[in-house]
Amino acid sequence: MIQSIKRAFDILEYISSNGNMVRLNDIAAALNLKKTTVHNFLYSLKELGYIEQDELSPRYRVTPKIQYLMAPDVNYNSIKARMRPVLEQITLATNETAYLSVQMGMYFRHELISEPNSAIKISLELNKDFEMMRTAIGKIFMANSSHLRNVLLNKLEGAERQKLEKELELVVQNDFAYDFEEYEKDLNCIAVPLRENNRIIGAVGVSGPAFRFKKAEMDSTIELVNKYII
């Protein structure tokens, strides 16, 4: 066991389970650690944003950021059951392919797909890993994860990197993403984040042939998706 990791978690557990407003001396005594050792851990955890020091007293508390270490409590079977009729309604209204996608680390998968009854339609594969880059779905996940964004941006250089950085800033501001024939020629896509308890649990996308799924149709579809999922 790596002792430094254990000590960091011991300190967090002690603070959160003992009133969440404790002194450095109390932590050191309870955990049998030197004060200087506790101070160094507290400084690092404070710099990372997981604890903060009270403004009026020399006491420390755990911040809400600690919640992001917990995976969302999501039952994907129930999410899929809830989203199936939603995707069908979106497809019926737009005559385009609608889908629910989830993040799988550096990749994403389509978990649920609704296709229109049309001679010309977009067919997607379920349970297959897709790369994030140049996709509307990927931009949603990248915009909402600094770790993912930094790793993928490091693969780009110059103007291409700057272009994507600016686009991800817009995704954060607007809460939706476009793909104008970036991933596949003649294919346009939009994506909107799906949240539960203020945590992203997936993304809803809609794809269509570029000749008919143009900017105006994409914008109206974004409004429609937001109407159904909010």
Side-chain angles (χ1 to χ4, degrees), residues 1-76 79 101-108 131-133 137-157 161-177 191-203 230:
M1 181 181 296
I2 300 175
Q3 288 300 312
S4 59
I5 295 177
K6 180 180 184 302
R7 287 174 179 174
F9 278 97
D10 285 344
I11 290 170
L12 288 170
E13 289 176 3
Y14 177 81
I15 295 173
S16 61
S17 61
N18 287 275
N20 202 30
M21 189 68 79
V22 302
R23 300 179 305 171
L24 184 155
N25 290 353
D26 296 336
I27 300 171
L31 301 180
N32 195 27
L33 296 172
K34 294 180 180 179
K35 294 178 185 179
T36 53
T37 299
V38 174
H39 177 270
N40 291 336
F41 275 100
L42 291 174
Y43 178 82
S44 296
L45 290 168
K46 184 178 178 181
E47 287 294 300
L48 291 169
Y50 289 108
I51 66 169
E52 61 187 5
Q53 192 167 9
D54 183 52
E55 297 177 356
L56 302 177
S57 66
R59 296 175 184 271
Y60 294 86
R61 56 177 169 257
V62 176
T63 71
K65 186 179 180 181
I66 200 74
Q67 298 174 8
Y68 289 96
L69 295 180
M70 298 175 58
D73 185 14
V74 176
N75 184 323
Y76 279 105
I79 295 295
S101 306
V102 298
Q103 184 178 357
M104 309 290 289
M106 299 279 288
Y107 301 87
F108 68 86
E131 293 187 355
M132 299 281 184
M133 298 293 284
I137 293 290
K139 291 171 189 176
I140 291 294
F141 293 130
M142 290 173 66
N144 287 277
S145 169
S146 59
H147 300 93
L148 179 65
R149 179 168 62 250
N150 292 337
V151 169
L152 295 181
L153 282 173
N154 284 337
K155 296 182 179 181
L156 305 177
E157 296 181 354
R161 173 170 178 151
Q162 293 177 4
K163 179 178 181 294
L164 183 54
E165 286 177 334
K166 291 180 179 178
E167 187 171 0
L168 293 177
E169 289 176 4
L170 289 175
V171 173
V172 172
Q173 295 173 20
N174 299 327
D175 219 24
F176 62 78
V192 176
L194 179 65
R195 293 185 173 88
E196 193 163 286
N197 297 324
N198 295 319
R199 300 282 298 275
I200 288 184
I201 60 172
I230 293 178

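Nothing here was measured: the structure is a model prediction, and the numbers come from that model. The chain is numbered in sequence order, starting from 1.
Side-chain contact, N154 with R161: a donor N or O sits under 3.5 Å from an acceptor N or O.
R59 CZ to I27 CD1: the interatomic distance, rounded to the nearest 0.5 Å, is 10.5 Å. Distance check, rounded to the nearest 0.5 Å: CE of M132 to CG of L148 gives 5.0 Å. The CZ atom of R199 lies 8.0 Å from the CD atom of Q67; values are rounded to the nearest 0.5 Å. Note that CE of M21 and CD of Q53 are 10.5 Å apart. Values are rounded to the nearest 0.5 Å. Going from atom CG of L153 over to atom OG of S146 covers 11.0 Å, rounded to the nearest 0.5 Å.
For N25, there are no side chain to side chain donor-acceptor pair (under 3.5 Å) partners at least two apart in sequence or on another chain. Here F176 pairs with Y178 under the ring pair (Phe, Tyr, Trp, His ring centres under 6.0 Å) rule; sequence neighbours left out. For E131, there are no salt bridge (charged side-chain N to carboxylate O under 4.0 Å, His left out) partners at least two apart in sequence or on another chain. Listed by chain and residue number, nothing satisfies the side chain to side chain contact (heavy atoms under 4.5 Å, CB included) test with K166 (two or more places apart in sequence, or in another chain). In terms of the side chain to side chain donor-acceptor pair (under 3.5 Å) criterion, E169 has no residue partners (sequence neighbours excluded). Contacts of M104 classified as side chain to side chain contact (heavy atoms under 4.5 Å, CB included), with partners at least two apart in sequence or in another chain: V102, R109. Under the rule for a side chain to side chain contact (heavy atoms under 4.5 Å, CB included), S17 has no partner lying at least two apart in sequence or in another chain. Residues satisfying the side chain to side chain contact (heavy atoms under 4.5 Å, CB included) test with A177, not counting sequence neighbours, are A136, K139, I140, V171. With sequence neighbours excluded, no residue satisfies side chain to side chain donor-acceptor pair (under 3.5 Å) with N150.
In this structure the side chain of N144 never reaches within 4.5 angstrom of the side chain of Q103, judged on heavy atoms. Counting heavy atoms from C-beta outward, L194 and I200 have side chains that stay 4.5 Å or more apart. Side-chain contact check for M142 versus M133: some heavy-atom pair is nearer than 4.5 Å.
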Please tabulate, one pair per line, all N/O donor-acceptor pairs under 3.5 Å involving side-chain atoms of residues 2-13, not counting sequence neighbours.
from, atom 1, to, atom 2, distance (Å)
K6, NZ, D10, OD2, 2.8

Residues 29-52 side chain polar contacts: donor-acceptor under 3.5 Å, at least two apart:
from, atom 1, to, atom 2, distance (Å)
N40, ND2, T36, O, 3.2
S44, OG, N40, O, 3.2
E52, OE2, R61, NE, 2.7

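Nearest approach of V192 to D175, heavy atoms of both residues: CG1-O, 4.1 Å. Between F108 and G138, the shortest heavy-atom distance links the atoms CE2-N, 4.1 Å.
Sorted by first and then second residue, the pairs that involve residues 14-31 and meet salt bridge (Lys or Arg N to Asp or Glu O under 4.0 Å), not counting sequence neighbours, are R23-D26.
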